[in-house]
Amino acid sequence: MKFSSSLKFNAVPEWWDEYIAYDALKKTVYQLEKQQAGLGDSFYSEHRDLEANEESALMGSASNASTDSIFVPLLDRELKKICLFYDTQEKELEEEVEHLQRLVQEQEEVGPDAGHQYMDADTEDDDDDDEDEDEFDTHSPTASRDPTRSPSRPPGGRRHARSASSAAAGASSGRRRFDSNPTRRFSISSMEDHGDLEASIVSLKSQYGQASGSSTSPKVTTKTIAAKVKGMKDSITSLTGPQTVWTAKNNYATDIQLLFKRRITNLYLTATSLRSYVELNYSGFRKILKKYDKVTDGALQEHYLHDVVEQAPPFAQPVKDRLNATITLLVEQYTKCVTRGDHRAAQRQLQLHQREHIAWERDTVWRQMIGHARRGGTEDSPATRGGTLVLEPEKGLLDVNTKAGHLRFTIKHVCLLVSVLVFIILLNVQTLDGVEASRCLAVLVFATIMWATEAIPLFVTSILVPLLLVTLRVIRSPDGEERLNTPDATKYIFSVMFSPTIMLLIGGFTIASALSKTAIDRVLITKVLSLAGTRPSVVLLAFMGVACFASMWISNVAAPTLCFSLIQPILRTLPPKSNFAPCLIIGIALAANIGGQSSPISSPQNLIALHEMDPQLDWASWFAVALPVSGISVVLIWLLLLVSYHPARSPDGEGEIEIRPIRASREPFTMKQWWVTLVCLVTIGLWCFEHQIEDAIGDMGIIAIIPIVAFFSTGVLKKEDFEQFLWTVVFLAMGGIALGKGVTSSGLLDVMDDGIREMISGLSLYTVVIVLSFIVLVVSTFISHTIASVLLVPIAKEVGANMPGNRSNLLIFLTGLLCSTGMGMPVSGFPNQTAANQEDDMGVLYLSNIDFLKNGVPASFIAMMVVATVGFLLMEAIGL
């Protein structure tokens, strides 16, 4: 969660205007960044003061002035606001705590018997209205001046006269229930304002005086005597020493304890909220100063934080100690007045009230934030963002109003209907010899259409595959003689679905998550990019190389997202309508796609290909082919983009633009980062030499357990990180493996084998490579790369098995690499989808479909030819 959202989520809503204006300061930092880039005078010369709702010159003619002289006064203003508010709150809190202490002392001096004639509600419940009127005057001052009555409870009424405290309102339901459930009674009064505690105590005492001075009936006198006897009994049975108002159990003492419980709890919540206010604002200053130093290449954080902020009253250690002492005092008072000396119980109850209070406030704020987001709101104001783009729901092909409600038919519904119809037809038509093979073909065609059209989510189709294979009894015994019954088929399908390849995929997710969480990826990438300089062509090549390399280790899903966040300082400082912005964005996307072929764990299609190889290829052999292929592809695509965009050219056609350099991270490596680096290097090393140590470790899936145990057991990753893994991709791969086993077991592969042998008879190996390359490129351009590998890798395997010398591994490897080259459309792979959604400050997309057609299609063809030529030669060289 970003700090701006965290601040909104954790702040006290009533104090919101008194917190640090983090968003306004952040906008100022970005405007100062534009000034440094020379854009301040022309585009961002005015700074809108969001707090005062007025505009003032931010840059003006003082373009040579230090950015510190502009930013420090803004910080000083925020610090002064915070100090004044804290001083006011602290004084009010101290006065109320002192007042509370005086009242506690007064109650101890009065003792528990001040209200010994306080009426027992249990005996009053049976009284009729006439007796109530005899006992109390409903128009008396005592009944009408109850200061703690709930606002929702109407004034007046005979029942109200029984107790002047709203906390005692529950007495009408029975004194026995009241005594046995004090928590329930507090929950009623806790919804009210704390009111005037002193007036409430006076009201309770007046109850005693009124009872002794009024004329009462003999029946009421009997009740009074019974109440006294009950009080004497409680005193005699107490073995803990002298009775005080805090330990007595009579009605008066119980209500006094309840009043003080509510009052102390409210003061405790105020004190802890004030402590949280200080901590949040300190974090705000630290965060904004860190961002300022990073963006402007300054060194203000250490000086301002330690010499100014930490010396201010709210953040000074003596002031913090004074506030902590107040909180400790309130806990002690709660221990005395409520929990009868049990300090642990007091702490536990107060912390419980605090958690409930925070949870209620956070739930309210969270609902507001979600509602704002659903209405198309963003963290940035419309004045600075210029507008937002809200995705519209898919338009229906046909809208029908029925009695059951409104029905909308979309393209996905049509695709789903077509898939089901084709599936039913194929099931009822004997297309191949053998029932199992014919039914498996129906499942294969159905899954292919569903995956290609995405009529339902891809992983849902994958989960559906084992269900269809088992219920249609497609699976045959290993010897192929008989069909397996459903229990045996279930065990077989599930045993092959969770294979070592799936464990390798999870291990890859673990490494990627650890690198991202410890910011190792960002540290390494910024160090490399800091060497790129300011020439647009060099910066473009550097970012493409970094995107490709990052995709190898943190997947081609996370890598482009990281790179797009790193280029924001560059995009903010570019002149409007510069060609460098779309060139850089599409370059990162294309390079991330190429990076998807560079290592076995960079994308699921590589793992699917690796799973089908027999014997499996080790990492060293994979790198020997994939790294040169990826490097050559990235360089050639870079040259293509230079020719297509001329990114160095200024928008006005005069001269060349200069790119703002990326600054390397100054933070040193921590012990946690060194630990993550060590584990990753050891794991990758073992993967590279898996064949040499196969007798010791068994398979690469076993090696993948090492980072999982190392990171989750040491606290580097948490349970929440495990839950955020791309489990949809895992199930997608498992469904593909299950379908592949079904095709093999049902005999469908044998039928396909005969047809493939006829098709490739007389063709040379390289001719097959070229034909296969074009087929894979076209398929992977229009559907998911992972799905393309699920469908095409088994075909490539069978084609290779029918060629002289069994070239299965070569064609499988080739297919796996080629699946990453389909990048001619905005929907061709996650990097393209992410790039297509990048917007400028005005909410305008950087890229259009024309950009992908003009650059993505040629780039796809270039990458395919590199795989089919250089990659093929390298595969031959390593003996595939």
Side-chain angles (χ1 to χ4, degrees), residues 528 537-557 559-560 563 583-603 605-606 609 621-645 647 766 769-770 772-781 785 788-789 810 813-825 828-832 834-835 851-878:
V528 173
S537 58
V538 178
V539 173
L540 174 62
L541 180 61
F543 266 102
M544 291 178 67
V546 162
C548 180
F549 180 79
S551 295
M552 293 174 58
W553 308 114
I554 60 173
S555 82
N556 63 351
V557 174
C563 290
C583 179
L584 180 59
I585 291 173
I586 197 170
I588 290 173
L590 298 178
N593 278 306
I594 296 300
Q597 63 184 205
S598 301
S599 78
I601 61 171
S602 58
S603 57
Q605 56 263 30
N606 296 350
S621 299
W622 188 288
F623 286 146
V625 175
L627 292 183
V629 167
S630 299
I632 295 172
S633 299
V634 167
V635 172
L636 292 177
I637 294 173
W638 170 66
L639 294 174
L640 169 69
L641 295 178
L642 292 181
V643 173
S644 176
Y645 283 101
Y766 195 68
V769 167
I770 295 297
L772 182 64
S773 298
F774 276 101
I775 294 174
V776 175
L777 177 62
V778 172
V779 173
S780 61
T781 298
H785 294 171
S789 66
L810 186 147
F813 196 2
L814 198 79
T815 303
L817 298 181
L818 287 167
C819 284
S820 297
T821 63
M823 44 192 174
M825 300 291 292
S828 302
F830 185 84
N832 284 20
T834 308
D851 289 288
F852 285 100
L853 292 175
K854 187 174 67 172
N855 302 284
V857 172
S860 300
F861 182 78
I862 289 172
M864 181 206 73
M865 292 307 299
V866 172
V867 174
T869 54
V870 178
F872 173 74
L873 293 176
L874 291 174
M875 292 177 196
E876 289 275 346
I878 64 173

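These values consider heavy atoms only, across backbone and side chains, with no hydrogens, waters or symmetry-generated copies.
Heavy-atom minimum distance, G596 versus S551: N-CB, 4.2 Å. Minimum interatomic distance between T781 and G822 (heavy atoms only, all atoms of both residues): OG1-CA, 3.6 Å. Taking all atoms of both residues into account, the shortest heavy-atom contact from A547 to A591 is CB-CB, 4.2 Å. Of all non-hydrogen atoms in L590 and A859, the two that sit nearest each other are CD1-CB, 3.9 Å. When all heavy atoms of G824 and S860 are compared, the closest pair comes out as N-OG, 3.3 Å. The two atoms that bring P560 and A592 nearest to each other are CD-CB, 4.1 Å, heavy atoms only.
Screening L817, I632, L777 for a side-chain contact (heavy atoms from CB on, under 4.5 Å) with V867, the sole residue that qualifies is L817.
Side-chain N or O atoms of S598 include none that pairs as donor or acceptor with a backbone N or O of M552 at under 3.5 Å. Checked by atom type and distance alone, the side chain of S644 never pairs as donor or acceptor with a backbone atom of L640 at under 3.5 Å. In terms of modelled atom types and a separation under 3.5 Å, the side chain of W622 and the main chain of Q597 share a donor-acceptor contact.
Looking only at side-chain heavy atoms (C-beta outward), S789 and T815 stay at 4.5 Å or farther from each other. Within the 4.5 Å cutoff, the side chain of V776 has heavy atoms near those of the C819 side chain. L540 is not listed as a side-chain neighbour of Y645, based on a closest heavy-atom distance of 4.5 Å or more. Between V635 and M544, the closest side-chain pair of non-hydrogen atoms is not below 4.5 Å.
Note that CZ of F549 is 11.5 Å distant from SG of C563, once rounded to the nearest 0.5 Å. Of the inter-residue distances, the one linking I586 atom CD1 with M823 atom CE reads 9.5 Å to the nearest 0.5 angstrom. Atom-to-atom distance recorded for L818:CG and F813:CZ is 10.5 Å, nearest 0.5 angstrom. Here L642 contributes atom CG and C583 contributes atom SG; the two are 6.5 Å apart, rounded to the nearest 0.5 Å. The CG atom of N606 lies 7.0 Å from the OG atom of S599; values are rounded to the nearest 0.5 Å. A distance of 5.0 Å separates CG in N593 from CG in N832, rounded to the nearest 0.5 Å.
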Could you please spell out the steps behind the side chain to side chain contact (heavy atoms under 4.5 Å, CB included) verdict for T869 and Y766? CA-CA 9 Å; T869 54; Y766 195 68; 3.4 Å; yes
